[in-house]
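Beneath this line is the structure, given in structure tokens, with notes to follow.
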Amino acid sequence: GAVVSQHPSRVICKSGTSVKIECRSLDFQATTMFWYRQFPKQSLMLMATSNEGSKATYEQGVEKDKFLINHASLTLSTLTVTSAHPEDSSFYICSARETTGDGYGYTFGSGTRLTVV
Amino acid sequence: GIQVEQSPPDLILQEGANSTLRCNFSDSVNNLQWFHQNPWGQLINLFYIPSGTKQNGRLSATTVATERYSLLYISSSQTTDSGVYFCAVLPKGGGNKLTFGTGTQLKVEL
């Protein structure tokens with residue numbers, strides 16, 4: 001089945017620094033990937049849609065200059081949290097959709113827990 | 001946008017018990033998936049079920065698209081079933097963005 005790998009799984013950074021999170025589709029090509037954010041005991045909220053070879057589209061209220069997304073290949077999307085602050089601490093999850101075979105479902109990475117101190 | 005509500009929000013079961021989780025959605029959908037989020041945050045795909053019934057071991061799911069709801073059945077629950085269960089839908093005419101439900105927090109005790 002489709003596998004999405006996300007790295008790192010956990011990161012602690014100082015306020016004001018930037019953090020890059022990688023999301024890879026391991027056994028399929030993904031022209032589109034998705035980035036979600038999840039606060040404790042809450043549901044997942046879509047932040048942005050990452051499009052290979054073009055600019056990402058951001059959901060309303062998400063600062064595109066703070067959350068930089070790059071989708072340079074059909075198997076890799078990156079999310080960079082720039083000038084991180086404690087309020088950016090959260091669980092970030094990426095996903096991709098395999099559009100072949102029987103599924104047409106979405107597969108998710110294992111998530112990245114970001115703590116900004 | 002589409003609203004996706006799950007019930008109950010919290011559920012505590014004794015090991016071996018059965019349960020039914022419900023997902024109601026406010027508009028027509030092209031896709032519905034059930035996920036289990038384990039205590040480490042990993043989302044595990046349980047079912048892709050835009051309509052009909054599917055079974056996988058102790059789990060089964062039914063989606064009645066015309067009535068805009070889906071049910072997830074867990075039989076003979078085990079402690080490893082603990083976690084949060086989410087349904088997520090792809091609205092018709094809504095492109096390719098999944099909308100997640102509110103979730104059901106399940107705890108299975110010995």
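Note: hydrogens, waters and symmetry copies are ignored here, and every other heavy atom, side chains too, is used.
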- Pair Glu59(A) + Lys97(B), salt bridge at N-O below 4.0 Å: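 Result for this pair is yes, salt bridge flagged.
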- Item | Salt bridge flag under 4.0 Å for residues Asp10(B) and Lys107(B) |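 Looking at Asp10(B) and Lys107(B), the cut-off is not met.
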By a 4.5 Å heavy-atom criterion (distance strictly below it), what part of [X] contacts chain A: side chain, backbone, both, or neither?
| X | result |
| --- | --- |
| Asn96(B) | both |
| Phe47(B) | neither |
| Leu90(B) | side chain |
| Gln6(B) | neither |

Could you tell me which portion of [X] (side chain, backbone, both or neither) has an atom closer than 4.5 angstrom to a non-hydrogen atom of chain B?
| X | answer |
| --- | --- |
| Thr107(A) | neither |
| Phe108(A) | both |
| Thr49(A) | side chain |
| Leu44(A) | both |
| Gln42(A) | backbone |

- Task: Check the side chains of Trp35(A) and Ser77(A) for a donor-acceptor pair under 3.5 angstrom, ignoring hydrogens and angles.
- Result: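 Yes, Trp35(A) and Ser77(A) have a side-chain donor paired with an acceptor closer than 3.5 Å.
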- Query: Is the NZ or CZ atom of Arg68(B) both under 6.0 Å from the centre of the six-membered ring of Phe25(B) and within 45° of that ring's axis?
  - Reply: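 Because its charged atom misses either the 6.0 Å distance or the 45° angle limit, Arg68(B) does not stack over Phe25(B).
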